[in-house]
Amino acid sequence: MDGARLMAVKVSCGALRASDDGTIAELRGWVNRRRDHGGLIFVDLRDHEGLTQIVFDPQHPSFREAEHLRHEDVLRVVGTVRKRPAGTENARLGTGDVEVGVSELEILNRSQVPPFPVNADEAVDENLRLEYRYLDLRRPRMQENIRVRHRIVKAMRDFFDERGFVEIETPMLIKSTPEGARDYIVPSRLYPGSFYALPQSPQMLKQILMIAGFGKYMQIARCMRDEDQRADRQPEFTQLDVEMSFATQDEVLETMESCMRYVWQKVLGIEVPAFPRLAHAEAIARYGVDKPDLRFGLELADVSQVFARSEFGVFRSAIDAGGAVVALRYPGGSALSRRDFDGLTETAKQFGAKGMVWASLASDGIKSSVAKYLREADLSAAANALGAQTGDALLLFADARKLAYAVAGKMRNVVGERCGLVDPQTYAFCWVTDFPYLEIDEQTGQPAPAHHPFSAPAPGDWELITSDPLQMRAQHYDLVLNGYELGSGSIRIHKAAQQREIFEMLGLRPGEIEDRFGFFLRALDYGAPPHGGMALGIDRIAMIACSEENLRDVIAFPKNQVARDVMMDAPSSVAPELLRELHVKSDSRG
RNA sequence: GGCGCUGUAGCUCAGUUGGUUAGAGCGUCGCCCUGUCACGGCGAAGGUCGUGGGUUCGAGCCCCAUCAGCGUCGCCA
């Protein structure tokens, strides 16, 4: 036995092949499954490399112990590798030609009976998965996802390293600059009543690194935003953060596009074609949204002209008020029932529509929810504008221009999904450029930065800041994949006077500007180079690369929908003593 | 904060028009089994049907309230 152990070669559970026949191997892993035949026991031993069948023979003393092995017990075994008897090979396992006849068994640890199956990928209640995350992560699908994520991040680092970028860590405890999202804050012990903020992004710090002369910076950066969750939004997330001095917009786009194509090639083995570029206005006009899903066509059409002389009051009043009628094609939609259209109308209302008009291009004529108000010739013209044919349906949205497009754009995604137009193997990247600098805040009615206030206006648009600021465009760009916004970037303002001018335009008073951004403006004044960059959401990239629909499935320890860590049970109350030291009083109980 | 979906055994689910003792598969436990790999056979345990209230002769099912999870709108410069 000791001799066997000395000769034993330590191998993973995915390593052994027929050529190892006759060698002595030592394996460690978890009991994936036990098949007890009474006089013979098979155990599939699992580690992160694979499965190996180990066999317990009644002659060996270990047999009696093997009768009591359970799921997820942790074993060390030593035994002889042997070819399986002819006809009993398992073609589905890499190690399926061999098995290990156990001569020595050590139970390194016992496991409780798991609350859900670890050796299968069946759907399990997510709260249970998160509570026992270590078991969930042991499952094949999560093992694969987390490893794919690693390979994505590794490929990114390799790519930028190769191009001379330097990765620099920026701090987690920084200054709150309450623009944008709500900050997570950390009370200061040494400065009563003062708080650090956790970074929403390293934005100003990376710009300062450009001022500091690092030229090309990247970071795999953690960011926190205290806002409500979505399937594609976590309070804590990871960005690929990039900044380049002296770079033009085209150079930034080329860099990021090359990076993503490199990642897709390295990780998925897929050659992605060059990314199409859409101006923001074009994206809205064709797809209704600034993050179009280009895996399918279904372009929108503005049919306001068609209905310009329509008797239909809803269309008339929208058009007269300067709004628009926007049309969307529903392929094969003439087969839908009135009830189906009612359901679609309900969906549209959830997206903010006041209503939806549908028209069905049936073989025996056009049917519509408002047939008596609309002329068939007008509907035909609208159908032509969309390239719709007999058998299709038209969905029409009349409203203020922006809203009509927004609703039609979201409905386009619904239709694309329902009609099965989305090929899950397709990765449709695109750039959206030429964003407006400002947009009207719906609540205050005031102009607000469409993205962030550090972006430089488009060349030549500076003059508009006093004459017609809403017409200003930004040197800002988004990268979109399959309808998800992967991230955005811009060429930055690098002159303090211009940055100050933008802050003032946004309504900040000089005192506020100094309080929040004084350090930054001062830095810009010491020879800040022209620069620009981008940040991409790594969680979303990993989610799409893994064909998942929720960020939680590519994050090892995510928060749930209400921002709790249900494994650790965080957030939680803290000792009163700690609160005293931090000069914090709580007015509610956790 | 609004809206939607879900909540039945450890897990995944079924449960008809409101009607006897709430079922299945997997898992668990016991016995049997020497070539399985989703091993097989026999048997057993396991349920406040999310919670509280109501309607009813009778509620897993209907009504009201509430909690939790997920999705979504608001929000995310």
Side-chain angles (χ1 to χ4, degrees), chain A residues 32-45 51-59 63 67-68 70-72 82 84-93 95-96 99 101 112-132 135-136 177-183 200-201 203-204 223-235 237 343 346-353 406-407 410 414 435 437-439 441-443 447-455 474 476 485 488 490 502-503 506 508 516 537 549-550 552 560-562 564 566:
Chain A
N32 194 63
R33 208 177 284 278
R34 190 189 72 206
R35 293 178 294 279
D36 186 343
H37 288 241
L40 193 63
I41 298 171
F42 300 102
V43 167
D44 291 335
L45 198 64
L51 292 177
T52 298
Q53 172 165 286
I54 60 179
V55 186
F56 293 89
D57 204 273
Q59 278 83 348
F63 187 85
E67 288 183 305
H68 298 104
R70 296 192 302 186
H71 285 123
E72 303 308 314
R82 61 192 190 216
R84 296 196 190 187
T88 66
E89 299 88 352
N90 185 344
R92 289 187 295 165
L93 286 183
T95 61
E99 61 191 14
Q112 297 289 326
V113 175
F116 55 85
V118 174
N119 55 15
D121 276 331
E122 84 176 348
V124 174
D125 174 74
E126 187 145 27
N127 235 33
L128 194 67
R129 289 174 56 198
L130 291 175
E131 184 179 350
Y132 295 91
L135 296 176
D136 189 40
T177 56
E179 295 295 314
R182 191 178 296 110
D183 279 325
Q200 297 184 25
S201 114
Q203 182 62 33
M204 281 185 279
C223 304
M224 291 82 169
R225 295 177 188 175
D226 187 3
E227 297 291 346
D228 286 354
Q229 316 309 300
R230 290 289 184 279
D232 64 349
R233 254 167 44 194
Q234 279 274 307
F237 59 100
E346 201 47 48
T347 305
K349 283 181 176 170
Q350 281 166 21
F351 292 145
V407 171
K410 287 176 180 167
V414 171
F435 277 77
Y437 201 96
L438 299 170
E439 61 188 11
D441 186 310
E442 309 240 332
Q443 291 184 331
H451 283 82
H452 66 56
F454 307 108
S455 296
H476 179 105
E485 180 191 322
S488 51
S490 63
I502 292 289
F503 286 145
L506 298 174
L508 291 175
R516 296 187 195 175
E549 291 185 341
N550 196 300
R552 289 187 294 268
N560 73 1
Q561 220 260 350
V562 282
R564 290 199 70 80
V566 291

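All chains are named by letter (A, B, ...) in the order of the sequence lines, taking the proteins before the strands, and each is independently numbered beginning at 1.
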Notebook entry, point to check: For atom C1', what is the distance between rG54(B) and rC13(B), given to the nearest Å?
Noted result: 30 Å
d(Asn550(A) CG, Gln234(A) CD) to nearest 0.5 Å is 7.5 Å
Does Glu89(A) reach a base, just sugar-phosphate, or nothing at all? Heavy atoms under 4.0 Å. base
Integer angstrom distance from the C1' of rU17(B) to that of rC39(B): 44 Å
Regarding the side chain of Leu40(A), the nearest nucleotide among rU28(B), rG35(B), rG69(B) is rG35(B)
**OP:** Respond yes when some side-chain nitrogen or oxygen of Asn90(A) is under 4.0 Å from OP1 or OP2 of rU36(B), and no when none is.
**Re:** no
* To do: Assign Arg84(A) to base, sugar-phosphate, or nothing according to its heavy-atom contacts below 4.0 angstrom with the strands shown.
  => base
Separation of rG25(B) atom C1' from Phe116(A) atom CZ, nearest Å, is 19 Å
Between the CG atom in Leu45(A) and the CD1 atom in Ile54(A), the distance rounded to the nearest 0.5 Å is 5.0 Å
Item to complete: Compare side-chain N and O positions of Arg34(A) against OP1 and OP2 of rC39(B) and report whether any pair is under 4.0 Å apart.
Response: no
Heavy-atom nearest nucleotide on RNA chain B taken for Glu439(A) and for Arg82(A); more 5' hit belongs to Arg82(A)
Report task. For rG43(B) and rG50(B), measure between their C1' atoms and round to the nearest Å. Result -> 33 Å
Output for pair (His452(A) NE2, Gln200(A) CD), nearest 0.5 Å, gives 11.5 Å
Separation of rG27(B) atom P from Asp36(A) atom CG, nearest Å, is 13 Å
I want to check one thing: is the phosphate of rU36(B), taken as OP1 and OP2, less than 4.0 Å away from some side-chain N or O of Arg35(A)?
no
Check: Within the stacking criterion (centroid distance below 5.5 Å, interplanar angle below 30°), does Phe42(A) stack on rU36(B)?
Finding: yes
Using Watson-Crick geometry (N1-N3 plus N6-O4 or O6-N4) or G-U wobble (N1-O2, O6-N3), each under 3.5 Å, rG18(B) is paired with none
### Gap in Å between the two P atoms, one belonging to rG40(B) and one to rC26(B), rounded
8 Å
Pairing partner of rU12(B), by Watson-Crick or G-U wobble and under 3.5 Å for both distances, is rA24(B)
(message) When you measure only distances, ignoring hydrogens and angles, does the side chain of Arg129(A) come within 3.5 Å of the base of rC11(B) through a donor and an acceptor?
(response) no
Any side-chain N or O of Gln561(A) under 4.0 Å from OP1/OP2 of rG71(B)?
yes
Rounding to the closest angstrom, what is the interatomic distance between rG27(B) and rU20(B) at atom P?
31 Å
Using Watson-Crick geometry (N1-N3 plus N6-O4 or O6-N4) or G-U wobble (N1-O2, O6-N3), each under 3.5 Å, rU51(B) is paired with rA65(B)
How far, in whole Å, is rC37(B) from rC42(B) if one measures between their C1' atoms?
22 Å
note: Glu549(A), atom CD; rC70(B), atom P; distance rounded to Å ~ 16 Å
Check: Does rC29(B) have OP1 or OP2 sitting under 4.0 Å from an N or O in the side chain of Arg70(A)?
Finding: yes
Of the listed rG35(B), rC70(B), rG74(B), the closest approach to the Asn550(A) side chain comes from rC70(B)
Interatomic distance, NE2@His37(A) vs CZ@Arg35(A), rounded to 0.5 Å, equals 7.0 Å
By the Watson-Crick or G-U definition, both distances under 3.5 Å, rG30(B) is matched with rC42(B)
Of the listed rC70(B), rC76(B), rC39(B), the closest approach to the Asn560(A) side chain comes from rC70(B)
By a 5.5 angstrom centroid cut-off and a 30 degree plane limit, is there stacking between His37(A) and rU36(B)? no
Worksheet entry | Main-chain N/O of Asn32(A) paired with Asn119(A) side-chain donor or acceptor, under 3.5 Å | yes
d(Arg182(A) CZ, Asp228(A) CG) to nearest 0.5 Å is 7.5 Å
With the side chain defined as heavy atoms from C-beta on, Val113(A) is closest, among rG69(B), rC3(B), rG27(B), to rG27(B)
Picking from rC76(B), rG71(B), rC73(B), the nucleotide nearest the side-chain atoms of Arg225(A) would be rC76(B)
With rounding to the closest Å, how many angstrom separate the C1' atoms on rA68(B) and rG30(B)? 37 Å
Open item on the list: Classify Ala120(A) by what it touches in the nucleic acid, base, sugar-phosphate, or nothing, heavy-atom distance under 4.0 Å.
Closed with: nothing
query = When all nucleic acid strands are considered with a 4.0 Å heavy-atom cut-off, which category describes Pro114(A): base, sugar-phosphate, or nothing?
reply = nothing
Discussion item. Using a distance-only criterion (donor-acceptor N/O pair, under 3.5 Å, no hydrogens), is the base of rG74(B) paired with the side chain of Asp228(A)?
Written reply: yes
Exercise for review: Using the C1' atom as the reference point in each nucleotide, state the distance between rG74(B) and rG1(B) in Å, no decimals.
Suggested key: 8 Å
Whole-Å distance, Gln229(A) CD to rG69(B) P, equals 12 Å
Between CG of Asp125(A) and C1' of rA68(B) the distance, given in whole Å, is 10 Å
Spell out, as yes or no, whether a donor-acceptor pair under 3.5 Å connects the side chain of Arg34(A) to the backbone of Glu67(A). yes
The nucleotide from rU34(B), rU72(B), rG27(B) with an atom nearest the side chain of Arg230(A) is rU72(B)
Would the distance check show the side chain of Glu439(A) and the main-chain N or O of Tyr437(A) forming a donor-acceptor pair, the cut-off being under 3.5 Å?
no
Within a strict 4.5 Å, meaning less than it, do heavy atoms of the Leu93(A) and Gln53(A) side chains meet? no
Winner on side-chain proximity to Glu99(A), out of rC76(B), rG35(B), rU28(B), is rG35(B)
*Which part of the nucleic acid, if any, lies within contact of Leu128(A), taking any heavy atom under 4.0 Å across all strands shown: a base, the sugar-phosphate backbone alone, or nothing?*
sugar-phosphate
Notebook entry, point to check: Using a cut-off of 4.0 Å on non-hydrogen atoms, how would the nucleic acid contact of Val562(A) be classed: base, sugar-phosphate, or nothing?
Noted result: sugar-phosphate
Out of rC39(B), rG35(B), rG71(B), minimum distance to the side chain of Arg552(A) belongs to rG71(B)
Nearest-nucleotide check on RNA chain B, Pro85(A) vs Pro117(A); residue mapping nearer the 5' end is Pro117(A)
